[in-house]
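Here the structure comes first, spelled out in structure tokens, and everything after it is commentary.
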Amino acid sequence: MRREPLIIALLGVLIGAGIVLTADKISASRQRIRTEYQDWRKLNLVLQCLEKNYVDTIDHKKVTDAAITAALAALDPHTIYMLPEVLKDSEDDLAGQFEGIGIQFNVPNDTAIVLEVIPGGPSEKIGLLAGDRLLKVDDKVIAGVKFPQDSMVRRMKGPAGTKVTITVGRDKEVIPFEITRGKIPTHSVDAAFMVNDTTGYLRLSKFARTTYTEFAQSALELMAGGMEHLIMDLRGNSGGFLDQALLLADQFLPKGANIVYMEGLHRKRETYNASGKGLLQGIGLTVLIDDGSASSSEIFAGAMQDNGRAQIVGRRSFGKGLVQEPTYFTDGSGVRITVARFYTPSGRCIQKPYSDDYNYEVFERYGTGEMMEADSMDVSKGGIIPDVFVPVDTTKASQFYIACNRKATPMRFASAYFDTHKAELQAIEDYDSLLKYLDRAGLEAAFLSFAKAKDGLTPVIDEWNGEKQYMLTQIRALVGRYSKLGDKAFYHLYLQTDDVFKKAMGE
């Protein structure tokens, strides 16, 4: 009885020794392969070794995609590999058009609601209307099931000429529409209008292929309306094509003024100067930026600041000053490789330092006090430092306000209001008429009743009196968006609560 464990133990040792001896024997029979990290051979050899020896069949696509993604992750945060569908979405967005059905929608309460039917697009031609609820795409139910918004978009987009059936809820009816997809223009100028007799406002969401054309047209219309000073809003604008930023900057600068220069290890210094032919050289300029303003937005803002051409108002920009060049593969995928850095005319590098928490650096600005105190901003951290700092306003964040935002109560209210006042809102075509309508609409009582009935939210009286104007202005903007004025109405109204805009206006 005592000898059995000993025998088992000895067998284990012998078997283990046999494995080690066998492995040593195999190792000794192999020639060591000389590799150097500089020549990339080691990576190729590992993949070849997997091909010859791996225990199961290898999914080449999966391993290749993973290897490329992991390799590029060891470089800067903006050198990336994009799968075909991701690359196509990105290219379509920046190209200024995509193929689909032509609607703009939001999802205030787990059901997508059409905000706008793009004029001349497939959806308008077939009869979709603002306010329609999207219930199904082909046979896939997308309402009331927490269906991801990006997945909705992918199902509705598709090659021009192909068909898709969109089932909508309209009043008490359920209506299926068979829509033939087409080419849909997208816009980078969200809104452009005069805020007073001499001041124009223009909000630019991205630097796409059509940005300069859109901007030029809007600027001419504003000048015809008496514009002497432009407030250009680049907040949340993450950038896009360099040439579009150069074209816009050229409109404001005198001949020979430096706009930006770029330089990299394998790229000689390239300097871009203004032509002096810009039509807006005599127009005053204020540029609004925040931590969401990046890349081409920072190039434009930096050029205006360093040339003394504009006052920059807001908070430190994101800090993305890297030049990416694309390489495309025949399977539809591609890479964007950083080849140089951007520098403002005075020699400031726009790019912020890399770090392990690079993608969360913006959130850390709250912890360091940068979003509250101008002295906390540090030029060595990259980005564009505003001439006029405007802190984040936390005084309006009452419990009622926070609870309403958490449940999207204002957006859901605006949608519900539109359901019962659709004909009235859709008949409004000018801003003055919209203001008169909103003034007599009784939105305060209607909103408070909705918040209580739908979400069980009731504000403390003193609390509501302090934030009433702020919240009702936002609610008016959300309701106004359902008029034919769309985003132009929304921003025109919303700016009344915007501290950065007010500072730009000298208030």
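Along the sequence shown, the residues carry numbers beginning at 1. The figures here come from the full heavy-atom set of this structure, side chains too, leaving out hydrogens, waters and symmetry mates.
- Ionic pairing of Lys352 and Asp378 is not present here: no N-O contact between side-chain nitrogen and carboxylate oxygen is shorter than 4.0 angstrom.
- One distance of note links CD of Glu507 with CG of Asp498; it measures 10.5 Å at 0.5 Å rounding.
- At least one side-chain heavy atom of Leu280 sits under 4.5 Å from a side-chain heavy atom of Met223.
- A donor-acceptor contact shorter than 3.5 Å links the side chain of Gln251 to the backbone of Leu279.
- Counting heavy atoms from C-beta on, the side chains of Glu99 and Arg181 never come closer than 4.5 Å.
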Check against side-chain contact (heavy atoms from CB on, under 4.5 Å), Leu493 and Tyr431: CA-CA 10 Å; Leu493 289 159; Tyr431 187 63; 3.6 Å; yes

Verdict with supporting geometry, Leu478 and Met411, side-chain contact (heavy atoms from CB on, under 4.5 Å): CA-CA 7 Å; Leu478 290 167; Met411 290 181 65; 4.2 Å; yes

side-chain contact (heavy atoms from CB on, under 4.5 Å) evaluation trace for Tyr491 with Phe193: CA-CA 9 Å; Tyr491 286 109; Phe193 50 83; 4.2 Å; yes

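- With hydrogens and angles ignored, the 3.5 Å screen pairs a side-chain donor or acceptor of Glu298 with a backbone N or O of Lys320.
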Intermediate values then yes/no, side-chain contact (heavy atoms from CB on, under 4.5 Å), Arg315 and Val392: CA-CA 9 Å; Arg315 294 181 283 277; Val392 172; 3.7 Å; yes

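- To the nearest 0.5 Å, atom CD1 of residue Ile80 and atom CZ of residue Arg336 are 6.0 Å apart.
- In this structure Glu463 satisfies the salt bridge (Lys or Arg N to Asp or Glu O under 4.0 Å) test with no other residue, sequence neighbours excluded.
- With values rounded to the nearest 0.5 angstrom, Arg481 atom CZ is found 14.0 Å from Leu425 atom CG.
- Using a 4.0 Å cut-off between charged side-chain N and carboxylate O, Asp419 and Arg133 make a salt bridge.
- A side-chain hydrogen bond (donor to acceptor under 3.5 Å, both in side chains) check over residues 237-248, counting only residues at least two apart or in different chains, returns the pairs Arg209-Asp243, Asn237-Ser297.
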Worked check of ring pair (Phe, Tyr, Trp, His ring centres under 6.0 Å) between Tyr482 and Tyr417: CA-CA 10 Å; Tyr482 282 100; Tyr417 184 89; 9.3 Å; no

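- The shortest side-chain heavy-atom distance between Thr180 and Pro122 does not fall under the 4.5 Å cut-off.
- Using a cut-off of 4.0 Å between Lys/Arg side-chain N and Asp/Glu carboxylate O, Glu361 and Arg316 are scored as salt-bridged.
- No side-chain heavy atom of Val189 sits less than 4.5 Å from a side-chain heavy atom of Gln217.
- Applying the side chain to side chain contact (heavy atoms under 4.5 Å, CB included) test to Asp233 and every residue at least two apart in sequence or in another chain returns Tyr201, Arg203, Arg235, Leu288.
- In this structure, Thr211 contributes its side chain and Lys206 its backbone to a donor-acceptor pair below 3.5 Å.
- Contact check for Met371 versus Asp291: side-chain heavy atoms found under the 4.5 Å cut-off.
- The aromatic rings of Phe400 and Phe447 lie perpendicular to each other, with more than 60° between the two planes, well past the 30° mark.
- Note: Tyr343 and Tyr261 have parallel aromatic rings, judged against thresholds of 30 and 60 degrees for the angle between ring planes.
- Thr167 contributes no side-chain N or O that, together with a main-chain N or O of Leu135, makes up a donor-acceptor pair within less than 3.5 Å.
- When atom types are taken as modelled, the side chain of Thr199 and the backbone of Val195 share no donor-acceptor pair closer than 3.5 angstrom.
- Of the inter-residue distances, the one linking Leu495 atom CG with Thr473 atom OG1 reads 11.0 Å to the nearest 0.5 angstrom.
- By the 4.5 Å heavy-atom criterion applied to side chains, Ile299 and Leu242 are counted as neighbours.
- Interatomic distance, Ser275 OG to Lys255 NZ, rounded to the nearest 0.5 Å: 8.5 Å.
- A donor-acceptor distance shorter than 3.5 angstrom exists from the side chain of Gln281 to the backbone of Gly278, with no hydrogens or angles considered.
- Taking CG of Leu234 as the start and CZ of Phe207 as the end, the distance is 5.5 Å to the nearest 0.5 Å.
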